[in-house]
Q: 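I'd like to ask some things about the structure below.
A quick note: this is a predicted structure, and the numbers were derived from the prediction, not measured.
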Amino acid sequence: MPLGEAVTLIKKIASYGNTHTDAAVASFLGHSTSNSGPFRSKVAALRDYGLLTGRAGELTVTELALELVHPGLDADPAASLRAAFMNCKLFATVLDALPKDTNLGTAGLANTAMHNHGVASQSKDAFAASFVKGGVLAGLIEEVDAEHVKILADGATASDSGANDHSDPEDVVHEGTGRQQSTPRPPAVDAATAVVSHAWPIDGGFVRFTIESSKTLPASAYGVIGTVIEAGDKLAEMLAAPATTTGDTTDSE
């Protein structure tokens, strides 16, 4: 599962709270049962990224996931995305083994994953596409052209190298610093905090929905919030980068 899709799913789960039964999470993600293969695959992917944890029928949204779901005013979404990408052990192993700052063919990358890291031959191309898509979103990989990518050197980011910026659009790179810094934001009114904050990664940026309030929201508001989040999911799909892989991820039931 590409990292962007994993973030979308964990935000959908977290919109209903932080801890749920397997059956509840399956329902949130549109599955009729928690015993289906597609649902188990999604949960496994979310675990791999460090966004979901728990055992014995109870699943919990992790602290890393909450950094992406409810980022504070001083949050660094790009750093959270990098951490999630590197939590996937196979992605981290492949990334560390590849030469840095060198143009690499995506076809060769797929073959490397198969021969050196145990990826099945029938899955190598899908793996490579997901690896590249997630790495670009996390600022660890630069797309050179349709068939070549570059693994950025340790400590570098896509914005440092001049690649398309997939980080928070409210962040800017100041000349001469080589580091990403947040632009000034207006001060909070009446100590308002972000009680609801969702960010959907799209092609070239993010769509954000945030409610800042110094008061607790009424319970009745969360039903409407859920509707807004569902609409945000659809909008993010419309504005997302073109899909690189295809496949049915829903139940056949």
Side-chain angles (χ1 to χ4, degrees), residues 1-8 41 45 48-50 68 76-169 171-180 199-207 236-247 249:
M1 179 188 296
L3 177 58
E5 183 179 342
V7 172
T8 297
S41 293
D48 283 346
Y49 284 123
L68 293 168
D76 185 352
S80 298
L81 288 169
R82 289 194 295 273
F85 183 91
M86 296 302 289
N87 275 339
C88 180
K89 293 181 179 180
L90 183 55
F91 280 180
T93 298
V94 173
L95 187 78
D96 289 342
L98 291 170
K100 309 301 186 289
D101 290 331
T102 301
N103 289 357
L104 304 172
T106 51
L109 190 155
N111 288 330
T112 296
M114 178 182 68
H115 292 299
N116 296 354
H117 303 287
V119 174
S121 59
Q122 66 269 26
S123 303
K124 65 176 184 176
D125 292 329
F127 170 85
S130 182
F131 174 80
V132 169
K133 192 173 183 179
V136 170
L137 180 64
L140 298 168
I141 298 175
E142 175 187 341
E143 287 185 302
V144 178
D145 55 40
E147 298 179 351
H148 297 84
V149 299
K150 181 186 295 183
I151 310 300
L152 301 177
D154 293 343
T157 64
S159 56
D160 293 333
S161 68
N164 291 333
D165 186 8
H166 291 261
S167 60
D168 189 330
D171 290 340
V172 295
V173 177
H174 297 276
E175 289 186 3
T177 66
R179 296 180 59 195
Q180 215 171 46
W200 293 264
I202 61 173
D203 189 17
F206 289 82
V207 172
E237 289 178 3
M238 293 173 58
L239 301 179
T244 55
T245 62
T246 58
T249 59

Q: Side-chain contact test, heavy atoms from C-beta onward, threshold under 4.5 Å: evaluate it for D96 versus M86 and give yes or no.
A: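 Yes, close enough: below the 4.5 Å cut-off.
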Q: Rounded to the nearest 0.5 Å, how far does CG of L140 lie from CG of L3?
A: 9.5 Å
Q: Can you name the nearest heavy-atom pair linking E142 to L152, along with the distance?
A: OE1-CD2, 3.9 Å
Q: What closest approach, in Å, do K124 and V119 show between heavy atoms, and which atom pair accounts for it?
A: CA-CG1, 3.8 Å
Q: Considering only heavy atoms from C-beta outward, does the side chain of L98 approach that of L109 to under 4.5 Å?
A: yes
Q: Is the backbone of K89 close enough, under 3.5 Å, to the side chain of T93 for a donor and an acceptor to pair up by distance?
A: yes
Q: What residues, two or more places apart in sequence or in another chain, satisfy side-chain contact (heavy atoms from CB on, under 4.5 Å) together with T102?
A: P99, L104
Q: Any idea which heavy atoms bring L68 and V7 closest together, and the distance?
A: CD1-CG2, 4.1 Å
Q: With S80, which residues qualify under side-chain hydrogen bond (donor to acceptor under 3.5 Å, both in side chains), at least two apart?
A: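 Once residues adjacent in sequence are excluded, the partners of S80 under the side-chain hydrogen bond (donor to acceptor under 3.5 Å, both in side chains) criterion are E67.
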Q: Please tell me if the side chains of D145 and N103 come closer than 4.5 Å, counting only heavy atoms from C-beta onward.
A: no
Q: Show the nearest heavy-atom pair for residues A110 and A128, with the distance to one decimal.
A: CB-CB, 3.8 Å
Q: Which heavy atom of R82 sits nearest a heavy atom of A138, and at what distance?
A: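 Of all heavy-atom pairs spanning R82 and A138, the closest is CG-O, 2.7 Å.
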Q: Minimum heavy-atom separation for L239 to I202, with atom names?
A: O-CB, 3.6 Å
Q: Rounded to the nearest 0.5 Å, how far apart are CG of N111 and OG of S121?
A: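 Going from the CG atom of N111 to the OG atom of S121 covers 10.0 Å.
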Q: Quick one: ring-ring contact (aromatic ring centres under 6.0 Å, His included) pairs with a partner in residues 93-115, sequence neighbours left out?
A: none
Q: Quick one: CG on L95 to CG on L90, what's the gap to the nearest 0.5 Å?
A: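 Going from the CG atom of L95 to the CG atom of L90 covers 11.0 Å.
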Q: Is the shortest side-chain heavy-atom distance between V149 and V136 below 4.5 Å?
A: no
Q: Contact between N87 and D48 at the side-chain level, heavy atoms closer than 4.5 Å - yes or no?
A: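 When only atoms from C-beta onward are counted, D48 and N87 do not touch, as no gap falls below 4.5 Å.
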Q: Mind checking ring pair (Phe, Tyr, Trp, His ring centres under 6.0 Å) for Y49 and listing every partner two or more places apart, or none if nothing turns up?
A: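 For Y49, no residue satisfies ring pair (Phe, Tyr, Trp, His ring centres under 6.0 Å) once neighbours in sequence are set aside.
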Q: ring-ring contact (aromatic ring centres under 6.0 Å, His included): which pairs involve residues 87-108, sequence neighbours left out?
A: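 Listed by first then second residue: F85-F91, F91-F127, F91-F131.
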Q: Please list, chain by chain and in numerical order, all residues satisfying side-chain contact (heavy atoms from CB on, under 4.5 Å) with A45, sequence neighbours excluded.
A: M1
